[in-house]
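Predicted, not measured: the structure shown is a model, and the values here were computed from it.
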Amino acid sequence: MPQYRELTNSELGVELFDHFERKQVVTDCKRKVDGEWTVLADPFIDDWSVSDYSYLVECLKNTLAGGGVVWGAFVDDELKGFASVEHKVFGSEGQYMELTSLHVSSDARRHGMGTVLFLLAADFARNLGVKKLYISSHSAVETQAFYEHMGCVEAEEYNEAAVQREPMDCQLEYVL
């Protein structure tokens, strides 16, 4: 049974991810083409390098420094999932907080861990009074299926900074 808890700055290091496998084999992606959502063949393997994990740790530390939260899911004291939410509020009515990461190790997927992490992230934002969680999501059809299952829909307002970072991502929102 996974254990969930907030992560602290002092435990965020590359070694925390020693037993975490980001690998995702992608065959099809959901992309917006001429204003319509379309599933396109775009096969690739998404796998993180040591430098990717170093950058991730830097980003997660910045999340904490800015008042955000990072949740971890542990199995036998090994990190198998994590989610982060930035504290910064944005949108025309200050309605959004961004879920900047939600990942489950490839050896721990399809057991509900992502759902729990998503709901913890949503509770964090809800408790701070925002109306929606914003997600700039990987476009893999499996990832999109997860967010659709959670009740996410296309964002009413796009966060241009998120679009610039990852132009192939799907911009989603979740009403809290």
Q: Kindly compute the distance separating SG (C170) from NZ (K30), expressed to the nearest 0.5 Å.
A: 6.5 Å

Q) At what distance, to the nearest 0.5 angstrom, does OG of S10 lie from NZ of K61? A) 8.5 Å

Q) Can you find a heavy atom in the side chain of F124 that is under 4.5 Å from one in the side chain of V130? A) no

(Q) Any side-chain to backbone donor/acceptor pair from S105 onto E21? Under 3.5 Å, distance only. (A) yes

Q) Is the CG atom of N127 crowded by more than 12 outside heavy atoms at less than 6.0 Å? A) yes

(Q) For a 4.5 angstrom cut-off between non-hydrogen side-chain atoms, does C152 reach I135? (A) yes

Q) Which heavy atom in L102 sits nearest to a heavy atom in A83, and how many Å separate them? A) CD1-CB, 3.8 Å

**Q.** Audit row: T143, Q24, side-chain hydrogen bond (donor to acceptor under 3.5 Å, both in side chains) steps and yes/no
**A.** CA-CA 10 Å; T143 303; Q24 182 176 5; 3.2 Å; yes

Q.
Could you measure the distance from the OG atom of S84 to the NE2 atom of H103? Nearest 0.5 Å is fine.
A. 7.5 Å

**Q.** Ion pair D42/R31, N-O distance below 4.0 Å
**A.** yes

Q: Kindly check if the number of other-residue, nucleotide or ligand heavy atoms within 6.0 Å of CG (D18) is above 12?
A: yes

Q. Should the pair K131-E93 be classified as a salt bridge under the 4.0 Å nitrogen-to-oxygen rule?
A. no

Q: Applying salt bridge (charged side-chain N to carboxylate O under 4.0 Å, His left out) between R22 and each of D52, D47, D46, report the one that passes.
A: D46

Q) So does Y158 have more than 12 non-hydrogen atoms from other groups sitting under 6.0 Å from OH? A) yes

Q) Given the rule in the side chain to side chain contact (heavy atoms under 4.5 Å, CB included) test, do L119 and T115 qualify, once you have shown the distances and angles that lead to the verdict? A) CA-CA 6 Å; L119 294 173; T115 298; 4.0 Å; yes

Q. Sub-3.5 Å donor-acceptor pair from the side chain of H138 to the main-chain atoms of A140, do we have one?
A. yes

Q) What's the shortest heavy-atom distance between D169 and S139, and which atoms? A) OD1-N, 4.4 Å

Q. Any link between V26 and M168 through a network of hydrophobic side chains (Ile, Leu, Val, Met, Phe, Trp, Tyr) touching at under 4.5 Å?
A. no

(Q) Check E156 with K132, please: is the shortest side-chain N to carboxylate O separation under 4.0 Å? (A) yes

Q. Rounded to the nearest 0.5 Å, how far does CG of D77 lie from NZ of K80?
A. 12.0 Å

Q) Got more than 12 heavy atoms from elsewhere within 6.0 Å of NZ, K32? A) yes

Q: Answer with yes or no whether the hydrophobic clustering places W71 together with V57; edges join I, L, V, M, F, W, Y residues whose side-chain heavy atoms lie under 4.5 Å apart.
A: no

**Q.** Exercise: do W37 and E154 side chains pair donor with acceptor under 3.5 Å
**A.** yes

Q. What residues, two or more places apart in sequence or in another chain, satisfy ring pair (Phe, Tyr, Trp, His ring centres under 6.0 Å) together with Y96?
A. F90, Y134

Q. Do V70 and L120 share a hydrophobic cluster, counting only Ile, Leu, Val, Met, Phe, Trp and Tyr and linking them when any side-chain heavy atoms are less than 4.5 Å apart?
A. no

Q | L7 versus G72, closest heavy-atom pair with distance | A | CG-N, 3.9 Å

(Q) Distance check, rounded to the nearest 0.5 Å: Y147 atom OH versus L99 atom CG? (A) 5.0 Å

(Q) With clusters defined by side-chain heavy atoms of hydrophobic residues (ILVMFWY) lying less than 4.5 Å apart, directly or transitively, does L133 cluster with L128? (A) yes

Q.
If you apply the rule side-chain hydrogen bond (donor to acceptor under 3.5 Å, both in side chains), what do you find for E157 with Q95, and how did you get there?
A. CA-CA 10 Å; E157 293 180 31; Q95 71 270 34; 2.9 Å; yes

Q. Do you know which two heavy atoms are closest between E98 and S136, and how far apart they sit?
A. OE2-CB, 4.1 Å

Q) Shared ILVMFWY cluster between L117 and L79, side chains joined below 4.5 angstrom? A) no

Q. Closest heavy-atom contact between F44 and C29?
A. CE2-SG, 4.0 Å

Q. Which word best sums up how the rings of F82 and F17 line up, parallel for under 30°, tilted for 30 to 60°, or perpendicular for over 60°?
A. perpendicular

Q: List for me each residue that meets side-chain hydrogen bond (donor to acceptor under 3.5 Å, both in side chains) alongside T63, sequence neighbours excluded, and say none if there are none.
A: E86

**Q.** Non-hydrogen atoms of V14 and S54 that approach each other most closely
**A.** CG2-OG, 3.5 Å

(Q) How long is the straight-line distance from CZ of R165 back to CG of N159, given to the nearest 0.5 Å? (A) 6.5 Å

(Q) Pair V104, H111 - check side chain to side chain contact (heavy atoms under 4.5 Å, CB included), show working. (A) CA-CA 10 Å; V104 175; H111 297 288; over 6 Å; no

(Q) Between N62 (side chain only) and C59 (backbone N and O only), is there a donor and an acceptor less than 3.5 Å apart? (A) no

